[in-house]
Amino acid sequence: MTHSQVLQLQTDQHFLFALLGVSCVMLLWCLLFTVVCYVVIGLFSVVLTVVISFINTLGVIFLPHPVWLFWHSSQRRTAAKALMRLQDTYQLDTNTISTGELPGSSSVASLTVDDCFDLGKVAYSEADYYHTELWMAQALKQLDQGETPGLMDTVTILEYLSYSIYQQGEVERALNFTKRLLELDPTHQRANMNLKHYEYLLSEQKVEAMEEDERRQKRESRGQTDDLLKYEQLCRGEGTGMSEFVSPKNVCILLQTFNVFFVQIYVSFTEISEKGRFLLYHRLRRATVHDPQTGKLTTAHYRVSKSAWLKAYEHPVLDKINQRIGDITGLDVTTAEDLQVANYGIGGQYEPHFDFGQKGELYAFEESGTGNRIATWLFYMSDVPAGGATVFTKVGVTVWPIKGTAVFWYNLYPSGEGDYQTRHAACPVLVGSKWVSNKWIRERGQEFRRRCGLQETD
Ligand SMILES: O=C(O)CCC(=O)C(=O)O
Ligand SMILES: [Fe+2]
């Protein structure tokens, strides 16, 4: 190695060490900066909270807390999802929702272009392109009808619209909307790229040949299971209704479908409706379900309501109710669960489920030593102006809530086996609020009241 090569090597080494040194110093600076930012933001938020609280105490103007702002946006997302649930279940078109002309409702509250855009954006963030398309198209329609644009402009809406249509496999329609966008903004980079991409797909016939019918079917079912589609269908009343079988007398009407007995009863028990609610106002909590994996109670998107348990000693009327249920059903209610009162707001629902503990998950009922839920007594404590029916998805029955009535059914065969025909659900409330109470009756104590069956499905 020559002298000049050695010198070169040393210079290179010095350069590398210098670079390493600078990188380390920069890294330290970045770390320091992050920590400082964290502390400053923390301090800032404390100061902001104090200032906001102080201004609010003056009572001149009300400022929301920053955490509330975040909470508000998450509430908005939840509300958006509830609205789309209602839209699907009751097959409401976006225009009906946007103009506020809901069935059973007299109040007219309309949505702005920005509201429609927001709804589409929530759907988009969940990769739900079906609803993205519907809401972006509604936003566009309102703009085309001359509504003054808010924060959202036609170009942005067109971009979301064409992309969601493309995602659903309709390249030609996506291309048309992209062309419309480019007429408004010819230099839009993404739209120009998309245009080329769509044209390429169409020219090379790369688009999967999916029949129009098949595509429509796929869109309409939104990837939902048959069980959920049946649930929605029954919620709209497209099945056997029970209300016509009920007469306003204190009698039970029996309808036997397959193995399930339903009884809708006028119980003329106004106290439960009035007192039950009164006792509860401060105790209602978001309803939970058992997580089959962990066995723990948790909230779930498929059960949206608030509920609370009422113990018999809390009010004389609760004791009376227990006795009445016992007298009518002939079952022992001393082993039954406390009365659970539930309230569903707009969009509140409980998707298809069984009330009994299934094999392998009986732990939920094992602790009490009173056995599985042999039967369900469901009290309707309010009328519901629209939506909110109880539906039995396997047997195809819809029960409309009528204040002062109750439904009763056995969840188990006399053999103790779960009856899978009892699959049922609470439909989303469309207008108003739904109040119900449940009494789940247990197996213990019924040994001499309901004869055992020898066959599994006896
Ligand atoms: O509210 C209803 O209609 C049904 C409620 C239900 O099935 C339940 O709470 O288990
Ligand atoms: Fe249930």
Side-chain angles (χ1 to χ4, degrees), residues 85 89 227-228 230-232 234-237 239 241-243 246 260-265 272-273 276-277 280 284-290 297-310 325 336-358 361 364-365 372-412 418-430 432-442:
R85 185 156 63 232
T89 311
D227 194 33
L228 281 176
K230 182 83 186 167
Y231 160 58
E232 292 179 355
L234 291 168
C235 287
R236 293 192 291 274
M242 274 280 290
S243 34
V246 178
V260 188
F261 286 95
F262 299 95
V263 193
Q264 189 164 14
I265 306 165
I272 173 69
S273 310
R277 278 200 242 176
L280 271 171
L284 289 170
R285 294 277 176 280
R286 171 81 191 260
T288 50
V289 292
H290 268 106
L297 286 175
T298 168
T299 58
H301 73 276
Y302 56 85
R303 185 178 196 187
V304 185
S305 63
K306 284 184 165 188
S307 60
W309 298 92
L310 291 182
I325 297 174
E337 293 170 41
D338 294 330
L339 191 77
Q340 188 192 54
V341 181
N343 175 232
Y344 301 80
I346 293 175
Q349 61 156 5
Y350 193 176
E351 286 182 13
H353 64 277
F354 302 106
D355 282 356
F356 60 87
Q358 292 167 72
E361 56 149 67
F365 302 114
N372 210 340
R373 286 175 169 169
I374 192 172
T376 297
W377 176 278
L378 175 67
F379 238 129
Y380 295 107
M381 295 157 65
S382 71
D383 294 318
V384 185
T390 308
V391 295
F392 291 80
T393 49
K394 282 274 188 298
V395 291
V397 166
T398 302
V399 183
W400 298 104
I402 305 171
K403 183 174 170 172
T405 66
V407 219
F408 171 79
W409 70 91
Y410 279 107
N411 292 305
L412 306 180
D419 182 350
Y420 287 86
Q421 302 282 355
T422 61
R423 194 160 174 84
H424 63 283
C427 299
V429 170
L430 183 56
S433 159
K434 173 181 170 188
W435 287 89
V436 292
S437 46
N438 278 301
K439 190 83 189 162
W440 284 295
I441 303 169
R442 295 298 189 91

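Each residue takes its place number in the sequence, starting with 1. These numbers come from the heavy atoms of this one structure, side chains and all, not from hydrogens, waters or symmetry mates. Order of listing sets the numbers, starting from 1, for every ligand and every atom in it. What you are looking at is a predicted structure, and each value in this text was computed from that prediction instead of being measured.
For the pair Asn343 (side chain) and Lys306 (backbone), a donor-acceptor distance under 3.5 Å is absent. At distances below 3.5 Å, at least one donor-acceptor pair connects side-chain atoms of Ser382 with backbone N or O atoms of Trp435. Side-chain N or O atoms of Asn438 include none that pairs as donor or acceptor with a backbone N or O of Leu339 at under 3.5 Å. Side-chain atoms of Arg373 never come within 3.5 Å of backbone atoms of Asn411 as a donor-acceptor pair (strictly under, hydrogens ignored). Put simply, the side chain of Thr398 gets close to the backbone of Leu234: a donor and an acceptor are under 3.5 Å apart.
Annotation for ligand 1: atoms under 4.0 Å from non-hydrogen atoms of Tyr350 are 6 (C), 8 (C), 9 (O), 10 (O). Of all atoms in ligand 1, listed by their number and element, those nearer than 4.0 Å to a heavy atom of His353 are 6 (C), 7 (O), 8 (C), 10 (O). Close approach to His424 involves these atoms of ligand 1, each under 4.0 Å from a residue heavy atom: 7 (O).
Nearest N/O/S atom of His424 with respect to the Fe ion (ligand 2) is recorded as NE2. The atom name of the N/O/S atom in His353 closest to the Fe ion (ligand 2) is NE2. The name of the N, O or S atom in Asp355 nearest to the Fe ion (ligand 2) is OD1.
Assignment of Phe379 to the shell around ligand 1 is not supported, since no heavy atom sits closer than 4.0 Å.
Atom 2 (C) of ligand 1 has Lys434 NZ, 3.2 Å as its closest protein atom, hydrogens excluded (heavy atom only). The protein non-hydrogen atom at the shortest distance from atom 9 (O) of ligand 1 is Asn438 ND2, 3.1 Å. In terms of protein heavy-atom proximity, atom 5 (C) of ligand 1 is nearest to Tyr344 OH, 3.4 Å. Among all non-hydrogen protein atoms, the one lying nearest atom 3 (O) of ligand 1 is Thr390 OG1, 2.5 Å.
We find the CD-CD distance between Glu232 and Gln349 to be 9.0 Å, quoted to the nearest 0.5 Å.
Side chains of Tyr410 and Thr422 form no contact here, defined as non-hydrogen atoms less than 4.5 Å apart. Side-chain contact check for His424 versus Asp355: some heavy-atom pair is nearer than 4.5 Å. The shortest side-chain heavy-atom distance between Tyr380 and Thr405 falls under the 4.5 Å cut-off.
Annotation: cation-pi geometry satisfied between Arg423 and Phe354 (NZ/CZ under 6.0 angstrom from ring centroid, within 45° of ring axis).
Looking at Gln340 against ligand 1, nothing comes within 4.0 Å, counting heavy atoms. Heavy atoms of Arg303 found under 4.0 angstrom from ligand 1 belong exclusively to the side chain. Residue Phe354 does not touch ligand 1, judged by heavy-atom distances below 4.0 Å. Neither the backbone nor the side chain of Thr376 has a heavy atom within less than 4.0 Å of ligand 1.
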